[in-house]
Amino acid sequence: MERLVQELTTHLGEILAELGLAGLPWQRMLSPAREVGQGDVALPCFPFAKITGKAPDLIAAEIAAALEARKSGDGDLAACLDSATALGGYLNLRAATAWMAKSATDKQSIGHLPSSGTKVLIEHTSANPNGPFHVGRARNAIIGDTLVRLNRLAGNEVRAEYYVDDMGKQVGILAWAMNNLTPEKVDEVLQAAGRESNTPADAPAGALADTPADALADTPAGNAVESGDEPSEGGGEANPWVNKPDHQRVRWYQAANILSDEDEAVDVEVGEMVRLSEEGDDEVLERFAAAYQPVLDGMLETLTRLGIEYDTFTRESRFVSDGSVGEVMAKLAASPLHDVAENGAHYLELGGRGITGKSTKFFYQRGDGSSLYATRDVAYHQWKWTQCDRLVNVLGEDHKLQSKQVAIALGEVGQAAPEVVFYSFIKLPEGKMSTRHGRVVYMDDLLEEAKQQAYAVVEKLRRDELDESAMWEIAEAVGRSAVRFNIIKVAPEKGFTFRWEDALAFEAGSAPFIMYSHARACAIGRRLASEGHDVEAFVAAYSHQPADFAAAPSGLVELLRVMETYDEVLAKAVAESRPHLYAKHILALANAYNGFYRDCHVIQGGQVNQMHLAISEAAREMLHAGCEGLGIIPLDSM
RNA sequence: GGGCGUGUAGCAGAGCGUGGAUAAUGCACCGGCCUCCUAAGCCGGGGAUCGCGGGUUCAAAUCCUGCCGCGCCCGCCA
């Protein structure tokens with residue numbers, strides 16, 4: 001309701017001054033009205049009581065009366081302000097329905113803000129390429145991708161970036177496994193560790209070379225998974241993803257981890273490779289790349305199914321190779337915080353910079369002169385700043401300290417810190433998800449299960465009207481949309497436990513609810529078209545008549561209210577990187593549309609109500625944009 | 001030991017930064033609505049000591065303070 005406040009600013013300022021209340025920060029005191037029956041914006045008048053010596057309710061009444069009086073002499077005010085009333089010490093201001101309707105139907109690009117010219121770089125996901133994408137990692141990707149989408153809606157020039165950790169221990173272990181283990185050995189190790197109950201025999205040596213994972217091709221009814229079950233138990237049962245490289249290679253990774261726990265020699269070998277990679281050894285880095293690239297490709301395939309894509313991939317090793325890590329270390333050595341440990345390792349002493357705990361030292365260079373992950377991160381950030389105006393990272397809560405240290409180090413080399421969105425982990429009832437321990441719910445399984453359950457619903461509802469492929473298409477769209485929405489709707493800092501039941505919720509408060517409202521809006525257009533009407537022409541011909549809104553039903557008023565505040569919510573969600581605010585608002589929009597649909601029929605007795613149609617179409621566009629912003633697929637029919 | 005986060009109906013969860021009126025919403029529960037643009041919908045109902053104790057204020061879920069529970073972190077790992 002920022003537009004309303006803007007319209008009222010001058011008037012309210014003058015009226016308050018007349019009452020002896022000049023210069024007070026009343027704009028900041030405005031709040032949304034308690035309930036729709038009372039208005040849209042409220043001004044609590046309690047603080048004024050002390051100053052004027054009058055009762056709050058009396059002051060509110062005086063302001064209300066003054067505003068009402070001004071309406072007769074000011075057409076603009078009369079147009080936007082439906083009423084100003086006093087109640088219980090509050091001044092309640094209600095926007096005029098016709099005024100909101102005009103704004104809703106006049107807009108050029110509904111759901112999008114004008115281009116800002118701001119370049120935003122959002123780094124998200126950046127998961128180690130050591131195994132299939134699981135639900136725990138998904139929160140990062142879904143938050144990140146939603147921010148990317150919202151920034152685009154908000155008119156920013158966005159770049160989505162995936163930082164590929166191509167030189168650490170994780171990928172080192174994978175590479176070691178690929179070079180030293182046979183398929184038989186992997187089976188043997190995993191079985192011995194009780195990780196797999198029987199021999200999967202799913203990955204013959206040849207298959208590893210370069211499997212064109214086509215396992216994701218649409219799988220019709222056949223492999224339905226029973227609801228309530230946990231389809232992924234880490235192996236054993238017939239695994240539908242046997243041909244997907246990330247699912248194949250994670251077994252090598254897991255086996256190597258078990259071996260390295262048992263045998264120190266393995267650890268030493270891996271350590272040596274990791275050391276060489278950190279020195280920028282091309283041969284080792286190539287070996288690493290050969291090991292992880294198929295895994296990364298498999299992960300990206302899963303992400304694509306979720307509607308998540310990246311503009312650029314940047315490899316960590318790049319910053320070692322191009323010398324920028326060396327430069328960072330040299331600059332940090334000049335920092336007043338710099339010091340050297342006994343064995344020649346370099347660090348910054350951050351005790352005076354708000355870092356507390358067992359250690360306040362931030363090591364950025366080992367005794368042997370090599371760099372650490374965080375050092376490379378500093379170089380990476382330095383480079384990222386050359387690419388954008390605004391820098392956003394999405395990181396797990398376990399990176400908080402690290403991120404703070406990097407921010408301080410960046411300051412020492414004269415760079416600004418990035419904005420970071422931290423999120424809590426998605427846990428399983430039995431504990432934190434871990435690829436290494438095979439304690440995970442794979443996204444591939446979740447998406448498949450979501451599709452199956454969505455199919456069951458569509459099949460029940462519409463088997464008479466739709467053919468198989470249409471129903472499967474809807475099921476796929478509903479499945480991925482629901483999975484995304486159920487994760488994004490929760491504030492990032494809240495930790496939550498993964499439950500199949502919640503992840504697959506399809507009712508009100510979920511993505512299908514939003515999709516359904518959109519589909520209903522589309523159905524109206526289809527109906528009109530089938531009766532020979534030209535919807536666009538109708539909308540274009542619509543002419544706004546304030547009098548038409550004199551007796552607007554609540555469903556219409558409520559829809560217009562939600563539409564009125566869309567832009568401010570989008571702007572806020574983007575400015576503060578809080579995507580769940582937007583998700584909640586789109587939910588409210590869908591809900592409001594359903595109320596409008598109930599109260600305002602577009603087709604009445606064979607006649608088209610142009611006003612209703614114009615508003616319905618505007619809402620449809622906004623719902624469409626909302627889906628776009630949330631990565632929900634806006635089906636025309638479901 | 002220290003730091004950060006979190007605790008809101010049976011469950012999930014918004015609101016907390018910028019203190020305001022009867023604490024959203026969904027699931028589950030109870031009751032109603034398909035001769036009318038898609039009932040994955042709509043309408044109505046019951047259910048909350050906002051973790052616990054102090055404090056500030058005309059006013060506290062919101063701010064301060066002390067406890068308690070849960071999570072994450074405090075590597076010359078990534």
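Remember, it's a predicted structure, so these values are computed and weren't measured experimentally.
- Remark: P of B:A59 and NZ of A:Lys50 are 9 Å apart, rounded to the nearest angstrom.
- Closest contact between the side chain of A:Glu397 and the listed nucleotides B:C72, B:A21, B:U18 involves B:C72.
- Residue A:Arg28 is classed as having no contact, given no heavy-atom separation below 4.0 Å to the nucleic acid.
- Distances from the side chain of A:Ala345 to the nucleotides B:A14, B:C76, B:A78 place B:C76 closest.
- Between the P atom of B:A78 and the CG atom of A:Leu401 lies a distance of 15 Å, rounded to the nearest Å.
- Using a 4.0 Å heavy-atom criterion, one finds that A:Leu466 contacts no nucleic acid atom at all.
- As a whole-Å value, the separation of A:Glu493 CD from B:G71 C1' is 13 Å.
- Salt-bridge check for A:Arg275 with A:Glu279: passed, with a basic side-chain N closer than 4.0 Å to an acidic carboxylate O.
- Note: CG (A:Asp599) to C1' (B:C36) measures 14 Å, nearest angstrom.
- Considering only side-chain N and O atoms, A:Asn128 lies nowhere under 4.0 angstrom from the phosphate OP1 or OP2 of B:A78.
- Residue A:Asn486 is out of contact with every strand shown, counting any heavy-atom pair closer than 4.0 Å.
- Closest to the A:Lys494 side chain, of the nucleotides B:A40, B:C72, B:A14, is B:A14.
- Atom-to-atom, CZ of A:Arg499 to C1' of B:G13 comes out at 13 Å; the value is rounded to the nearest Å.
- Checked by atom type, the side-chain pair A:Glu449/A:Trp500 shows no donor-acceptor distance below 3.5 Å.
- Geometrically, A:Arg520 engages A:Tyr597 in a cation-pi contact defined by less than 6.0 Å to the ring centre and at most 45° from the axis.
- Taking the six-membered ring wherever Trp is involved, the centroid distance between the rings of A:Tyr582 and A:Tyr566 falls below 6.0 Å.
- Dense packing is recorded around CD of A:Glu349, with more than 12 heavy atoms of other residues, nucleotides or ligands lying under 6.0 Å away.
- In this structure, the CG atom of A:Leu30 is 17 Å from the P atom of B:U18, given to the nearest Å.
- Counting non-hydrogen atoms of neighbouring residues, nucleotides and ligands closer than 6.0 angstrom, the CD atom of A:Glu531 exceeds 12 such neighbours.
- Within the nucleic acid shown, A:Leu372 comes within 4.0 Å of sugar-phosphate atoms alone, with no base atom in reach, counting heavy atoms only.
- Stretches of at least 3 consecutive Watson-Crick or G-U wobble pairs, with each checked distance under 3.5 Å, appear in RNA chain B as B:1-7 with B:68-74, B:10-12 with B:25-27, B:29-33 with B:41-45, B:51-55 with B:63-67.
- Contact annotation: A:Arg366 does not reach the phosphate of B:G75 (side-chain N/O to OP1 or OP2, under 4.0 Å).
- The nearest whole Å value for the distance from the NE2 atom in A:His346 to the P atom in B:C76 is 14 Å.
- When the side-chain nitrogen and oxygen atoms of A:Arg620 are compared with OP1 and OP2 of B:C37, none of them lie within a distance under 4.0 Å.
- Across B:A14, B:C43, B:C76, the shortest atom-to-atom separation from the side chain of A:Arg598 is found for B:C43.
- Between A:His580 and B:G15, a side-chain N or O to OP1/OP2 separation shorter than 4.0 Å is present.
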What does the list of N/O pairs under 3.5 Å between the protein and nucleotides 2-4 of chain B look like, with a distance for each?
from: B:G2; atom 1: O2'; to: A:Thr356; atom 2: OG1; distance (Å): 3.1
from: B:G3; atom 1: O4'; to: A:Thr356; atom 2: OG1; distance (Å): 2.9
from: B:C4; atom 1: O2'; to: A:Lys400; atom 2: NZ; distance (Å): 3.1

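- The line from CZ of A:Arg287 to CE of A:Met273 is 5.5 Å long, rounded to the nearest 0.5 Å.
- Of the charged side-chain nitrogens involved, none lies within less than 4.0 Å of a carboxylate oxygen, so that A:Glu568 and A:Lys572 do not count as a salt-bridged pair.
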**OP:** Determine, stepwise, if the pair A:Leu93 / A:Asp40 fulfils side chain to side chain contact (heavy atoms under 4.5 Å, CB included).
**Re:** CA-CA 6 Å; A:Leu93 305 165; A:Asp40 295 292; over 6 Å; no
So which protein N/O to nucleotides 62-68 of chain B N/O distances come out below 3.5 Å?
none

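- Closest to the side chain of A:Asp398, out of B:C58, B:A78, B:C73, is B:C73.
- Because its glycosidic torsion is more than 90° from 0, B:C64 is reported here as anti.
- With sequence neighbours left out, the side-chain contact (heavy atoms from CB on, under 4.5 Å) criterion links A:Thr9 to A:Val5, A:Trp26, A:Gln27.
- The side-chain contact (heavy atoms from CB on, under 4.5 Å) check on A:Lys427 picks up A:Thr497, with sequence neighbours excluded.
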**OP:** Walk me through it: do A:His601 and A:His612 pass the test ring-ring contact (aromatic ring centres under 6.0 Å, His included)?
**Re:** CA-CA 7 Å; A:His601 283 212; A:His612 291 170; 8.7 Å; no
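- Residue A:Ala42 is classed as a base contact, given a heavy-atom separation below 4.0 Å to a base.
- A donor-acceptor contact under 3.5 Å is formed by the side chain of A:Asn92 with the base of B:A21.
- For the pair A:Glu279 CD and B:C76 C1', the computed distance is 15 Å after rounding to whole Å.
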Identify all pairs in which a protein N or O lies below 3.5 Å from an N or O of nucleotides 24-30 of chain B, and state each distance.
from: B:G26; atom 1: O3'; to: A:Ala508; atom 2: O; distance (Å): 3.3
from: B:G26; atom 1: O2'; to: A:Ala508; atom 2: O; distance (Å): 3.0

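- Between the side chains of A:His381 and A:Asn393, at least one donor-acceptor pair of N or O atoms lies under 3.5 Å.
- B:C52 and B:U6 have their C1' atoms separated by 16 Å, given to the nearest Å.
- Across all strands, A:Pro56 comes closer than 4.0 Å to no nucleic acid atom at all (heavy-atom distances).
- In the set B:A78, B:C37, B:A40, B:A40 carries the atom at the smallest distance from any side-chain atom of A:Val458.
- Comparing B:C37, B:G17, B:C58 by their closest approach to the side chain of A:Lys572 singles out B:G17.
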